[in-house]
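Pasting a structure here, questions to come.
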Amino acid sequence: MLTYIGRRLVYSFIMLVLVSFVSFIIIELPPGDYLTQKLQELQARGDRSAEMRIEEYRARYGLDKPLMERYWIWISNFIKGDFGESFEYERPVAELLGQRLGMTVILALSTLLVTWVIAIPVGVYSATHQYSTGDQIITTLSFIGLGMPSFLLALLVLFFAVMVLDQDIGGLFSREFADAPWSWAKVWNLLKHLWIPTLIGAVTGTAGLVRIMRGNLLETLGQPFVEAARARGLKNRTVTWKHAVRVAINPLIVILGTEAFPSIIVGNTLMAVVLNLPTIGPLYINALVGQDMYMAGTILVFIVGMIMLGSLLADIALAALDPRIRLE
Amino acid sequence: MEPLVEVKNLNVEFDVRDGIVHAVDGVSFTVHRGRTLGVIGESGCGKSITAKTIMQMVPKPGEITSGEVLFHYRDKYDPEGDIEVINITNLDPDGRRIRKIRGGEIGMIFQEPMSSLTPVYTSGTLIGEALHLHRLVPKTVGEEMAQNIKEYRHVTDEEAREISIEMLRKVGIPKPEQRVDSYAHQLSGGQRQRVMIAIALSCRPAMLIADEPTTALDVSIEAQILDLMADLQETVDMAIMFITHDLGVIAEVADEIVVMYMGKQVETADATELYYNPLHPYTRALLKSIPQIGKRSTQRLASIKGMVPDPFNLPSGCVFHPRCPEYMPGKCDRIVPKWTEVEEGHYARCLLYEEV
Ligand SMILES: Nc1ncnc2c1ncn2[C@@H]1O[C@H](COP(=O)(O)OP(=O)(O)OP(=O)(O)O)[C@@H](O)[C@H]1O
Ligand SMILES: [Mg+2]
């Protein structure tokens with residue numbers, strides 16, 4: 001068991017190094033780096049001193065060094081916790097991410113919580129009442145939810161709030177609280193804003209999870225051990241939850257690990273852009289568009305790291321929950 | 001002989017997309033206390049559905065359209081008490097009464113031992129689940145175990161574990177102290193069926209329904225399980241309803257046999273009577289298909305000609321007539337045979353024994 005986890009960690013590390021390298025190259029691939037663009041901009045403005053500033057930048061970020069060397073500098077500092085500097089913000093990536101990490105995690109966890117708390121019981125109801133009116137309503141709604149991109153939903157909600165309620169619902173704080181120190185009032189203000197992106201973000205995940213839970217449970221309910229449990233004199237409710245759901249839910253743990261875990265870092269990026277949320281998602285998109293390499297590379301490495309950590313934790317949890325599975 | 005379960009003119013229908021299937025079509029029989037009833041028929045003839053009806057567990061979209069299942073209930077913890085006749089078909093399928101009968105009064109073991117145990121629980125947990133529901137032990141006051149105590153309490157976790165180990169030993173599982181903590185995937189098919197038997201018998205039911213308990217097992221394991229059931233029945237006073245598609249299997253164990261074909265009961269008689277004097281051509285054909293020692297091995301086993309008919313397109317008249325070696329044209333394809341007592345206690349549904 002421990003050797004297994006050790007081995008997985010080693011693989012993950014190798015994987016991370018590879019991913020960081022590949023992502024570094026890919027981000028670098030499109031013609032012109034961040035500074036070339038900036039240079040062109042400055043020249044277009046006819047700024048004479050621009051050339052000198054550019055040279056200064058080049059030296060500072062080691063841009064005239066070959067690719068391999070730059071990668072090496074970045075990755076070796078990375079391990080020490082220095083992720084490099086963002087070109088666009090001209091501040092350390094670690095600092096920029098740190099500012100937004102808290103809110104990102106809070107939003108991701110609240111979305112996850114809402115998703116699972118709603119999806120599991122609804123999926124169970126849907127499966128145990130197959131083809132009933134309730135099941136049909138749930139099925140229809142979940143297909144709509146699956147097909148509805150959350151940024152579109154966010155746009156609709158935003159539009160509705162502004163046009164009908166005359167309220168600005170973007171962001172996670174009201175203006176007066178944005179830079180205020182933490183207080184109960186600020187927490188309350190956060191909660192008042194948080195539920196909107198939480199619910200919007202939970203729609204797609206919930207719809208998908210309901211479908212999966214329903215399918216898994218229907219399959220499990222058809223298994224002979226369910227009938228055998230009923231024949232022992234158990235209540236239907238006990239049979240459903242203690243026997244069928246307990247078995248049907250195991251595969252969902254993999255989903256929790258591989259999908260939900262990375263979402264803690266980037267979450268629902270497009271929705272975050274639309275709703276102007278202070279999370280890491282919008283930062284990531286900006287960095288990719290603007291070829292802000294160190295920023296983009298860092299976030300990418302973290303996403304991949306979370307995926308690998310998530311799947312390792314999922315495997316461990318699965319082994320703990322399902323006696324048929326052994327880690328070797 | 002005391003009746004325990006009386007099935008009377010039972011009809012179960014499945015309304016599926018292609019039409020209505022009469023899975024059970026007018027079946028009547030009685031299981032007596034401590035005796036064994038064999039139910040036999042080809043695959044799909046309605047044996048399992050009949051058994052599930054007795055448990056009030058007809059799967060969707062099945063429905064009991066008529067008939068009744070009478071259970072003669074006697075509180076096993078109060079042997080002097082009166083017998084109460086309960087019509088199981090009238091009970092709420094998830095109600096308290098039927099849940100007391102399921103597992104507590106009627107135990108059931110299934111066709112698929114490989115997947116009848118919940119994979120995430122140990123055999124001890126599963127037996128314990130049944131024990132906590134149905135098994136009562138006398139209340140003891142201090143040290144003295146009063147003789148005439150009529151007060152009972154539920155078992156504790158430790159007692160449940162002890163009883164589980166004892167049950168596993170009884171059904172012939174080696175090292176029961178260890179096996180009590182085994183999961184299904186750590187047991188062989190035969191052992192899983194033994195665990196199922198242990199669960200079913202742990203609460204001392206008045207009847208055990210064994211639905212093809214050995215169909216999925218090897219022949220040698222099959223023989224072991226059959227021996228085990230015969231042994232257990234001798235030690236506990238329990239009726240068995242033994243379902244099979246193999247007449248050879250119930251030859252020795254059954255006292256009485258019900259033969260089914262396409263949801264219909266075609267013949268019922270004492271086991272010996274049925275073997276030596278089969279009346280229905282279908283029963284005769286089934287008997288001919290049993291391999292017998294002494295017959296020349298060059299002789300091929302007889303098989304029943306033709307195919308099982310389409311349940312949505314049943315033949316007119318007697319449903320067996322297209323396959324029947326004694327088919328009487330003009331009669332069998334026109335007239336539906338009635339349930340007739342041909343000899344005393346020997347019933348058949350065949351026009352050979354009707355004046356028409
Ligand atoms: N869940 C169901 N939905 C629809 N029809 C069903 C269902 N279960 C059983 N039936 C119908 O009832 C008939 C009898 O089924 P049953 O399971 O009782 O057969 P059986 O005699 O136990 O056969 P086997 O030897 O294969 O176990 C089947 O032919 C089938 O058409
Ligand atoms: Mg069956």
Side-chain angles (χ1 to χ4, degrees), chain A residues 120 124-136 213-214 216-254 314-328, chain B residues 48 51-52 54-57 59-61 92-122 125-135 181-186 192 195-196 199-200 202-203 205 208-209 211 216:
Chain A
I120 299 301
V124 170
Y125 176 89
S126 196
T128 50
H129 297 77
Q130 193 187 10
Y131 303 139
S132 68
T133 320
D135 175 38
Q136 266 149 6
M213 188 66 219
R214 180 182 185 271
N216 280 0
L217 188 57
L218 276 178
E219 201 192 312
T220 311
L221 283 172
Q223 298 240 351
F225 68 79
V226 172
E227 196 164 51
R230 272 188 87 197
R232 230 171 286 149
L234 293 171
K235 263 189 221 143
N236 281 349
R237 177 183 279 272
T238 315
V239 173
T240 303
W241 286 95
K242 187 178 167 195
H243 290 264
V245 175
R246 175 69 183 72
V247 170
I249 211 167
N250 285 349
L252 298 195
I253 290 163
V254 177
D315 284 352
I316 294 173
L318 205 54
L321 285 174
D322 192 333
R324 288 167 296 182
I325 292 168
R326 298 187 55 199
L327 300 179
E328 240 141 48
Chain B
S48 298
K52 286 170 191 171
I54 297 177
M55 301 285 266
Q56 180 70 317
M57 276 174 53
K60 273 190 211 162
D92 167 9
D94 195 31
R96 210 179 56 83
R97 296 219 73 179
I98 189 66
R99 282 189 281 110
K100 237 183 143 188
I101 293 173
R102 282 184 204 141
E105 300 298 326
I106 307 177
M108 186 157 177
I109 53 179
F110 292 85
Q111 248 167 303
E112 308 93 348
M114 301 313 279
S115 44
S116 287
L117 300 169
T118 311
V120 295
Y121 297 117
T122 63
T125 310
L126 295 175
I127 302 176
E129 199 174 55
L131 290 172
H132 283 300
L133 283 172
H134 306 295
R135 181 79 168 252
D181 293 319
S182 291
Y183 293 96
H185 71 278
Q186 295 163 328
R192 289 183 208 186
V195 173
M196 283 303 292
I199 295 173
S202 64
C203 302
L208 175 71
I209 300 178
D211 187 356

For this session: Find the distance between CG (A:Leu234) and NE2 (B:His132) and round it off to the nearest 0.5 Å.
Result: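 These two atoms lie 11.5 Å from each other.
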Problem set entry | Gap separating the CZ atom of A:Arg230 from the CG atom of B:Asp94, nearest 0.5 angstrom |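 It is 6.5 Å, given to the nearest 0.5 Å.
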Exercise. Non-hydrogen atoms of chain A under 4.5 Å away: do they reach the side chain of B:Lys100, the backbone, both or neither?
Worked result: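 No part of it gets close to chain A.
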Exercise. Roughly how far, to the nearest 0.5 Å, is the NZ atom of A:Lys235 from the CZ atom of B:Arg96?
Worked result: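 One gets 10.5 Å once the value is rounded to the nearest 0.5 Å.
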Exercise. If you measure from NZ on A:Lys242 to OG1 on B:Thr125, what distance do you get to the nearest 0.5 Å?
Worked result: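 One gets 7.5 Å once the value is rounded to the nearest 0.5 Å.
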Exercise. Between B:Met55, B:His134, B:Glu112, B:Glu129, which shows the greatest number of heavy-atom pairs under 4.5 Å with chain A?
Worked result: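 Top option by heavy-atom pairs under 4.5 Å: B:Glu129.
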Problem set entry | Structural part of B:Ile98 lying under 4.5 Å from a heavy atom of chain A |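 Contact with chain A is absent: no heavy atom of B:Ile98 under 4.5 Å.
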Problem set entry | Minimal non-hydrogen separation, A:Pro323 against B:Pro119, with atom names |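 That closest heavy-atom pairing would be CG-O, 3.4 Å.
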Exercise. Contact part of B:Met114 toward chain A, heavy-atom cut-off under 4.5 Å: side chain, backbone, both or neither?
Worked result: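 For B:Met114, no heavy atom lies under 4.5 Å from chain A.
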Exercise. Is the CD atom of A:Glu219 crowded by more than 12 outside heavy atoms at less than 6.0 Å?
Worked result: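 Check fails, neighbour count at 12 or below.
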For this session: Could you tell me which portion of B:Leu117 (side chain, backbone, both or neither) has an atom closer than 4.5 angstrom to a non-hydrogen atom of chain A?
Result: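 B:Leu117 touches chain A through backbone heavy atoms alone.
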Exercise. Quick one: of B:Gly104, B:Ser115, B:Pro93, who has the most non-hydrogen atom pairs under 4.5 Å with chain A?
Worked result: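 Counting heavy-atom pairs under 4.5 Å, the top option is B:Ser115.
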Problem set entry | Closest contact, heavy atoms only, A:Ala231 versus B:Met108 |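 So the two residues come closest at CB-CB, 4.3 Å.
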Exercise. Considering only heavy atoms, which portion of A:Glu227 lies under 4.5 Å from any heavy atom of chain B: side chain, backbone, both, or neither?
Worked result: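 Contact with chain B: backbone and side chain both.
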Problem set entry | Side-chain touch B:Val120/A:Leu321, heavy atoms, less than 4.5 angstrom |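 Not in contact.
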Problem set entry | A:His243 to B:Leu126 - nearest heavy-atom pair and separation |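 Shortest heavy-atom separation between A:His243 and B:Leu126 comes out as CE1-CD2, 3.7 Å.
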